[in-house]
Trainee: 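Just dropping this structure here.
Side chains included, hydrogens not; waters and symmetry mates left out as well; all remaining heavy atoms used.
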Amino acid sequence: MTIKRVTFVQELLKFIGLEGRLHLEWISSAEAQKFVQVVTDFTEKIREMGPNPLNVDNVIKGAI
């Protein structure tokens, strides 16, 4: 069920222009080094993508 939900949210994010900003990885509590590597890699990926490309101020104003 989790994979189905994450896939749905990934498609939704792609639709609104935020593709690649959600990641799911199964990591055991015994895999501390893997956790560190996954978080480090994903953080770097997000930094490379830059800030949120959506103009949040316009989205919020449109909702009011």
Side-chain angles (χ1 to χ4, degrees):
M1 193 59 138
T2 299
I3 293 172
K4 187 175 181 178
R5 289 178 181 157
V6 168
T7 301
F8 172 77
V9 173
Q10 286 173 329
E11 289 298 317
L12 182 62
L13 291 172
K14 182 178 179 180
F15 179 75
I16 63 173
L18 296 173
E19 184 175 9
R21 293 176 186 260
L22 175 64
H23 178 79
L24 174 66
E25 182 103 16
W26 299 112
I27 302 172
S28 164
S29 61
E31 298 176 296
Q33 291 301 318
K34 181 178 179 181
F35 175 78
V36 170
Q37 190 61 54
V38 168
V39 170
T40 302
D41 292 347
F42 189 64
T43 301
E44 183 58 34
K45 178 181 175 183
I46 295 297
R47 282 192 180 124
E48 289 173 5
M49 292 175 144
N52 180 347
L54 300 178
N55 186 337
V56 177
D57 291 334
N58 287 341
V59 172
I60 293 172
K61 289 176 187 173
I64 296 176

Trainee: Specify the closest pair of heavy atoms between Ile46 and Gly20, including all atoms of both residues, with the distance to one decimal.
Mentor: CD1-O, 4.1 Å
Trainee: Evaluate the side-chain proximity of His23 to Val38: yes if any heavy-atom separation is below 4.5 Å, no if none is.
Mentor: yes
Trainee: Rounded to the nearest 0.5 Å, how far does CD of Glu11 lie from CG of Leu22?
Mentor: 11.0 Å
Trainee: Has Glu44 got more than 12 heavy atoms of other residues, nucleotides or ligands less than 6.0 Å from its CD?
Mentor: yes
Trainee: Out of curiosity, Glu31 CD to Gln37 CD, how far, rounded to the nearest 0.5 Å?
Mentor: 12.5 Å
Trainee: So, taking the atom named CZ in Phe42 and the one named CZ in Arg21, what distance separates them when rounded to the nearest 0.5 Å?
Mentor: 8.5 Å
Trainee: Of all heavy-atom pairs between Val39 and Thr43, which one has the smallest distance, and what is that distance?
Mentor: O-OG1, 2.7 Å
Trainee: Identify the two heavy atoms, one from Pro53 and one from Gly17, that lie closest to each other, and give their separation to 0.1 Å.
Mentor: CG-O, 3.5 Å
Trainee: Taking atom CD1 as the centre, does Ile3 end up with more than 12 heavy-atom neighbours from other residues, nucleotides or ligands that are less than 6.0 angstrom away?
Mentor: no
Trainee: Is there a continuous path of hydrophobic side-chain contacts, each under 4.5 Å between heavy atoms, that joins Phe35 to Trp26?
Mentor: no
Trainee: Give a yes or no on whether Lys34 atom NZ has more than 12 heavy-atom contacts from other residues, nucleotides or ligands under 6.0 Å away.
Mentor: yes
Trainee: Apply side chain to side chain contact (heavy atoms under 4.5 Å, CB included) to Asp41 and Lys45, showing your working.
Mentor: CA-CA 6 Å; Asp41 292 347; Lys45 178 181 175 183; over 6 Å; no
Trainee: Answer yes if Ile27 and Leu24 sit in the same cluster of Ile, Leu, Val, Met, Phe, Trp and Tyr residues linked by side chain heavy atoms under 4.5 Å apart, and no otherwise.
Mentor: no
